[in-house]
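The structure appears below as structure tokens.
Start at 1 and go down the list; that is how both ligands and their atoms are numbered. The analysis underlying the following values was restricted to heavy atoms, covering all of them including side chains, and did not include hydrogens, waters or symmetry mates.
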Amino acid sequence: MIELQRIGKTFQTGDTTLTVLHEIDLQVGAQEFIAITGPSGSGKSTLLGIMAGLDRPSRGRVILDHVDITDLSESELALFRGRRLGFVFQSFQLIPTLTALENVRVPAELCRLPEKLKNAENLLERVGLKDRAHHYPTQLSGGEMQRVAIARALITEPAIIFADEPTGNLDSSNGQKIVELLLETTRSSALVLVTHNPALAGLADREIRLRDGHIVETIVKKKSRTGSSGPSKPGRKKAGKTAIKGKKGKR
Ligand SMILES: Nc1ncnc2c1ncn2[C@@H]1O[C@H](COP(=O)(O)OP(=O)(O)O)[C@@H](O)[C@H]1O
Ligand SMILES: [Mg+2]
């Protein structure tokens with residue numbers, strides 16, 4: 001579902017070249033849940049942005065849902081993102097002039113997917129905001145805005161969901177609700193989540209640890225739900241191609 005081939009990212013500021021990602025290889029299966037962890041500044045958000053087609057790599061290729069997006073034009077990429085991907089940003093990026101319900105409906109309207117509009121009410125209910133449907137973002141708390149953003153990410157029933165610290169602004173009971181909703185989506189979608197929360201990372205099929213732009217460790221938590229169900233022993237693998245390629249062939 002996701003294939004990263006030798007992804008590198010450098011930023012040029014004045015005379016200095018900063019290499020933020022080094023030769024990242026990664027494959028993610030169709031219903032796999034990947035947690036990306038690592039210290040602040042290790043490249044998590046940059047990697048997520050490149051995986052999600054929001055940012056371009058300096059080197060390497062990104063293949064999503066069988067489409068090599070590396071060389072797509074901005075407009076092709078925008079349409080692909082809108083129809084196939086869902087995003088939960090760290091800053092929620094809700095539209096202030098629209099109600100919660102209208103915000104949730106935006107991706108389906110932008111990408112002309114009218115058959116998906118009916119999902120909006122149900123998603124708001126599932127994030128516990130049925131009674132806030134007609135409130136504007138300024139009338140919502142940070143945690144409520146976060147939940148609207150999550151409902152919005154799911155409205156198109158995307159093949160892949162990307163989330164950067166989605167439980168950061170949620171108290172524990174709402175955080176739990178969101179975690180359940182996200183886990184439920186992995187029955188039909190891949191989920192790539194950046195998190196500092198060890199309990200959340202513990203729920204993933206694999207945890208990818210970054211440090212200084214390298215994958216330093218891949219921790220396999222349990223068998224992918226796409227395979228035979230049932231618990232399996234968690235394992236730790238050192239970073240490297242062997243650890244990643246163990247998952248090859250899964251779609
Ligand atoms: N647009 C940019 N220009 C220059 N440096 C950047 C830019 N975006 C991120 N960086 C740098 O890249 C590194 C990784 O950032 P980021 O991916 O946001 O890390 P994380 O999400 O793990 O905290 C940081 O050192 C950050 O300062
Ligand atoms: Mg970040």
- Query: Between E165, R211, H196, K44, which one has a non-hydrogen atom sitting closest to atom 22 (O) of ligand 1?
  - Reply: K44
- Task: Keeping waters out of it, list the protein N, O or S atoms under 2.8 Å from the Mg ion (ligand 2).
- Result: S45 OG
- Does the pair I24 and L210 meet the rule for a side chain to side chain contact (heavy atoms under 4.5 Å, CB included), with working shown? CA-CA 10 Å; I24 302 281; L210 286 187; 4.2 Å; yes
- Task: Go through the steps for R132 and L124 under the test side chain to side chain contact (heavy atoms under 4.5 Å, CB included), then give the verdict.
- Result: CA-CA 8 Å; R132 297 286 192 281; L124 269 184; over 6 Å; no
- List in chain and number order the residues that pass salt bridge (Lys or Arg N to Asp or Glu O under 4.0 Å) with E115, two or more places apart in sequence or in another chain; answer none if no residue qualifies. none
- For residues E207 and T37, is any side-chain donor paired with an opposing acceptor at under 3.5 Å? yes
- Query: Looking at atom 26 (C) of ligand 1, what's its closest protein heavy atom, distance included?
  - Reply: L18 CD2, 4.9 Å
- Message: Heavy atoms only: which of G213, S45, G41 lies closest to atom 23 (O) of ligand 1?
- Response: G41
- Task: Specify side chain, backbone, both or neither for T46, according to which of its non-hydrogen atoms lie closer than 4.0 Å to ligand 1.
- Result: both
- Query: Would F80 and M1 show up in the same hydrophobic cluster when neighbours are defined by side-chain heavy atoms closer than 4.5 Å?
  - Reply: yes
- Item | Residue and atom name of the nearest protein heavy atom (relative to atom 12 (O) of ligand 1), distance in Å to one decimal | V20 CG2, 3.1 Å
- Sub-3.5 Å N/O-N/O distance, F11 and ligand 1: no
- Working for side chain to side chain contact (heavy atoms under 4.5 Å, CB included), residues I2 and I160: CA-CA 9 Å; I2 303 176; I160 313 171; 3.7 Å; yes
- among protein heavy atoms, the one nearest atom 19 (O) of ligand 1 is G43 N, 3.3 Å
- Note on the structure: Contacts of D212 meeting salt bridge (Lys or Arg N to Asp or Glu O under 4.0 Å) (sequence neighbours excluded), chain-then-number -> none
- Side chains of Q5 and E3: do they bring a donor and an acceptor to under 3.5 Å? yes
- Message: Within ligand 1, which atoms have a heavy atom of P39 less than 4.0 Å away?
- Response: 22 (O)
- Residues forming a salt bridge (Lys or Arg N to Asp or Glu O under 4.0 Å) with E184, sequence neighbours excluded: R126
- Task: Taking atom types as modelled, find out whether T195 and N197 have a side-chain donor-acceptor pair closer than 3.5 angstrom.
- Result: no
